[in-house]
A.B. asks: 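There's a structure below that I have some questions on.
Treat the numbers as computed from the prediction; the structure is a model and nothing was measured. Residue numbers start at 1 and run along the sequence shown.
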Amino acid sequence: MTTTLTPPASVRAHRDPHVLRWLGAYTSSMLGDNVFYLALSWAAVQAGTPAQAGLVTAASALPRAVLMLGGGVIADRLGPRRVVIGSDAVRCAAVLAVAALLHLTSPGLWPLALLACVFGTVDAVFMPAVGALPARITGKDQLARVQGLRGLALRGASVVGAPLGGLGVALGGAPAAFALAGALIALSIPLLLSVRVREELPPDPAGDERRVTARADLKAGLRHVRRHPVLGPLMIAIALGDLGFVAPLNVGLTLLADHRGWGAAGMGWILAGFGTGAGAASLLLAARGRLPRAGLVTGCACAAGSVAVGALGFVPGLAAAVGTALLVGLLTGLSGALCGALLQTQSDPAFLGRVTAVAGLVSLGLTPLSLPLAAAATGTFGLGPVYAVSAAVCGLGGLLFLAVPALRRAELPG
């Protein structure tokens, strides 16, 4: 079998054509995702009641969470590029099929619910493969820079995707928006096919247990996370950070803007402040490639960011809220990007799909629980105490980095 080696470590990620093609493919796919979910929401609202539309848009969450660990096994077994290309092909075909169906007839909610389930099922395989792919494209010393580039692409897709989807709906309704989403996802496929990757797998510490059964592979991956001095506590820190951060930025921010009388425009400014700070953090990591004493910096950024999260619930004016949100985005964006970079560089490449799946399951499985709890607690105790508790939970993640020697001393290669 002909083996293609990864580009030399001396080639910086932002100058490597293969990394740039991967980045273009990832950006296009994420743009398609954003357009898709807007089109799905619009079509569901048009075809049913608001409650039914909510169920349709949430239908992707369950299969994604249930199948995520299995998706990590598939990504490691088949190779991440092959899995990402196959996932994008399935998603593209499903979206275009529904676009054609909506153009020809008015089938109601069932094809939308089915499409959401298909998306969630494919995402369970796609997300671990996306996390494992950079390690097959570039050197380990460039993975932190790639994480920063990925963060910039994700922020850009979030900013551009919503108005792009709105334009599609305005020009041709939900069918046109779905067709646009399918075209954007399809664009990622030839870009990925042109990316040079290292196909050979490094030696797997699981030994003979690997490749016997999928269950054995999954157990080996979980054991790798549990026994690793950095990955195990890192997963707990990620869970605490997301658990304390998601509620204030979602339901908490809506309630805060309404309570203060800032309205939707004020909430938009606060979100813009957060996005600017998070984008700056990704840009910093992409430009520098690494930060010295990464574990210590991550813990300090997470701890300081938790203070800013708590302060957001008490600021009286919109300008102060926007400034605080910018600080929240910068600090939590930096700690989140560094967590992702540590995840990439500390994992054994043979397990990276499964490690990414565990991290994804930690975020997707636990953080949604904070949303209804935060909403209920706000009605009972008020916004201030809820923000304070959220900040405390988020801060525990930072303290874990500072308290666990392996996390505190963790470094990024380069």
A.B. asks: Any side-chain to backbone donor/acceptor pair from S194 onto L191? Under 3.5 Å, distance only.
C.D. replies: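 Indeed, once roles are kept as given, a pair shorter than 3.5 Å links the two residues.
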A.B. asks: Is it true that R150 and S282 share a donor-acceptor pair across their side chains at a distance under 3.5 Å?
C.D. replies: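 No donor-acceptor contact under 3.5 Å links the two side chains.
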A.B. asks: Below 30° counts as parallel, above 60° as perpendicular, anything between as tilted: where do the rings of F274 and F245 land?
C.D. replies: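 Ring orientation, 0 to 90° scale: tilted.
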A.B. asks: With side chains defined as the heavy atoms from C-beta onward, is the minimum distance between F178 and L112 less than 4.5 Å?
C.D. replies: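 Heavy-atom side-chain distance check passes, below 4.5 Å.
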A.B. asks: For the backbone of G182 and the side chain of R91, can you confirm whether one donor and one acceptor N or O come within less than 3.5 Å of each other?
C.D. replies: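 Judged by distance alone, no pair lies under 3.5 Å.
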A.B. asks: Is the shortest heavy-atom distance from the side chain of L231 to the side chain of H224 under 4.5 Å?
C.D. replies: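 Yes, their side chains come closer than 4.5 Å.
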A.B. asks: Can you check whether P413's main-chain N or O pairs, donor with acceptor, with D141's side chain at less than 3.5 Å?
C.D. replies: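 Here the side-chain-to-backbone pair does not exist.
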A.B. asks: Between CG of L326 and CG of L330, what distance do you get to the nearest 0.5 Å?
C.D. replies: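 Interatomic distance, L326 CG to L330 CG, rounded to 0.5 Å: 7.0 Å.
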A.B. asks: Checking H228 side chain against D348 main chain: does a donor-acceptor pair fall under 3.5 Å?
C.D. replies: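 No, H228 side chain to D348 backbone: no donor-acceptor pair under 3.5 Å.
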A.B. asks: In Å and rounded to the nearest 0.5 Å, what is the CG to CG distance from L291 to L296?
C.D. replies: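 One finds 11.5 Å between CG of L291 and CG of L296.
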A.B. asks: Could you tell me whether a side-chain N or O of Q344 sits under 3.5 Å from a main-chain N or O of L143, the two making a donor and an acceptor?
C.D. replies: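 Flag not set: sc Q344 to bb L143 has no pair under 3.5 Å.
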A.B. asks: Is there a donor-acceptor pair under 3.5 Å between the side chain of R196 and the backbone N or O of H18?
C.D. replies: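 Not at all, since once roles are kept as given, no pair shorter than 3.5 Å links the two residues.
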A.B. asks: Does NZ or CZ of R408 fall inside the cone over F401's six-membered ring, less than 6.0 Å from its centre and within 45° of the axis?
C.D. replies: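 Ring-cation test returns no.
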A.B. asks: Side-chain contact, heavy-atom cut-off 4.5 Å: L184 with N34?
C.D. replies: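 Contact flag for L184/N34 side chains = no.
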A.B. asks: Under the criterion side-chain contact (heavy atoms from CB on, under 4.5 Å), I'd like the reasoning laid out for L187 against L31: C-alpha separation, chi angles, the key distance, then a yes or no.
C.D. replies: CA-CA 11 Å; L187 181 61; L31 275 172; over 6 Å; no
A.B. asks: Is a side-chain N or O of S363 found less than 3.5 angstrom from the main chain of G360, in a donor-acceptor match?
C.D. replies: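 Flag not set: sc S363 to bb G360 has no pair under 3.5 Å.
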A.B. asks: Are any of the side-chain heavy atoms of L343 and V230 separated by less than 4.5 Å?
C.D. replies: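 In short, these two side chains do not touch, never coming nearer than 4.5 Å.
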A.B. asks: What heavy-atom pair brings A294 and L338 nearest, and what distance separates the two atoms?
C.D. replies: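 Where A294 meets L338 most closely, the heavy atoms are O-CD1, 4.2 Å.
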A.B. asks: Taking the side chain as C-beta and beyond, is there a heavy-atom pair between L192 and Y26 under 4.5 Å?
C.D. replies: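 The answer is no; the side chains never approach within 4.5 Å.
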A.B. asks: Contact between L171 and L167 at the side-chain level, heavy atoms closer than 4.5 Å - yes or no?
C.D. replies: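 Heavy-atom side-chain distance check passes, below 4.5 Å.
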A.B. asks: Working to the nearest 0.5 angstrom, can you tell me the gap between L78 CG and I85 CD1?
C.D. replies: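 Interatomic distance, L78 CG to I85 CD1, rounded to 0.5 Å: 12.0 Å.
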A.B. asks: Ring centroids only, cut at 6.0 angstrom: are F36 and F119 within range, meaning strictly under it?
C.D. replies: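 So the answer is yes for these two rings.
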A.B. asks: Determine, step by step, whether I238 and L234 satisfy the side-chain contact (heavy atoms from CB on, under 4.5 Å) criterion, reporting the C-alpha distance in whole Å, the side-chain angles of both residues, the deciding distance to 0.1 Å, and the verdict.
C.D. replies: CA-CA 6 Å; I238 290 172; L234 180 58; 4.1 Å; yes
A.B. asks: Please answer whether the main-chain N or O of D123 pairs with a side-chain N or O of R64 as donor and acceptor at a distance below 3.5 Å.
C.D. replies: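 No; judged by distance alone, with no hydrogens or angles, the pair does not exist.
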A.B. asks: L38 and A162: which non-hydrogen atoms are nearest, and at how many Å?
C.D. replies: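 Smallest heavy-atom distance, with atoms named: CD1-O, 3.4 Å.
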A.B. asks: Determine whether a donor-acceptor pair (N or O, by modelled atom type, separation under 3.5 Å) exists between the side chain of S28 and the backbone of A25.
C.D. replies: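 Looks like no, no N/O pair under 3.5 Å.
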A.B. asks: So, taking the atom named CE in M235 and the one named CG in L240, what distance separates them when rounded to the nearest 0.5 Å?
C.D. replies: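 Taking CE in M235 and CG in L240, the distance rounds to 13.5 Å.
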A.B. asks: Return the minimal non-hydrogen interatomic distance between V404 and P233, and the atom names on each side.
C.D. replies: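 Closest approach of V404 to P233, heavy atoms only: CG1-CG, 4.2 Å.
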A.B. asks: Should we say atom CH2 of W262 is surrounded by more than 12 heavy atoms from elsewhere, each under 6.0 Å from it?
C.D. replies: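 Enclosed.
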A.B. asks: Can you tell me how far the CG atom of L67 sits from the CE atom of M127, to the nearest 0.5 Å?
C.D. replies: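 If we round to the nearest 0.5 Å, L67:CG and M127:CE are 12.5 Å apart.
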A.B. asks: How close do I137 and D16 get, counting heavy atoms only, and between which atoms?
C.D. replies: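 Residues I137 and D16, closest heavy atoms: O-OD2, 4.4 Å.
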A.B. asks: Look up atom OG1 in T298 and atom CG in L402, then write down how far apart they are to the nearest 0.5 Å.
C.D. replies: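 Answer for the OG1-CG pair, T298 versus L402, is 9.5 Å.
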A.B. asks: Do you know the tightest heavy-atom contact between A75 and G353?
C.D. replies: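 Shortest heavy-atom separation between A75 and G353 comes out as CB-CA, 4.4 Å.
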A.B. asks: For V35 and A177, work out which heavy atoms get closest and say how close.
C.D. replies: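 Heavy atoms of V35 and A177 come nearest at CG1-O, 3.4 Å.
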A.B. asks: Using side-chain heavy atoms (C-beta onward) and a distance below 4.5 Å, is L285 in contact with L334?
C.D. replies: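 A side-chain contact is absent here, since even the closest heavy-atom pair is not under 4.5 Å.
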A.B. asks: When you compare the side chain of S87 with that of V83, does any pair of heavy atoms fall below 4.5 Å?
C.D. replies: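 The answer is yes, as the side chains (C-beta and beyond) meet within the 4.5 Å cut-off.
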A.B. asks: Is it true that a side-chain atom of R354 and a backbone atom of A350 form a donor plus acceptor pair closer than 3.5 Å?
C.D. replies: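 Yes; at least one donor-acceptor contact below 3.5 Å.
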A.B. asks: Can you check side-chain contact (heavy atoms from CB on, under 4.5 Å) on L164 and L180, steps first, answer last?
C.D. replies: CA-CA 9 Å; L164 198 59; L180 176 60; 3.9 Å; yes
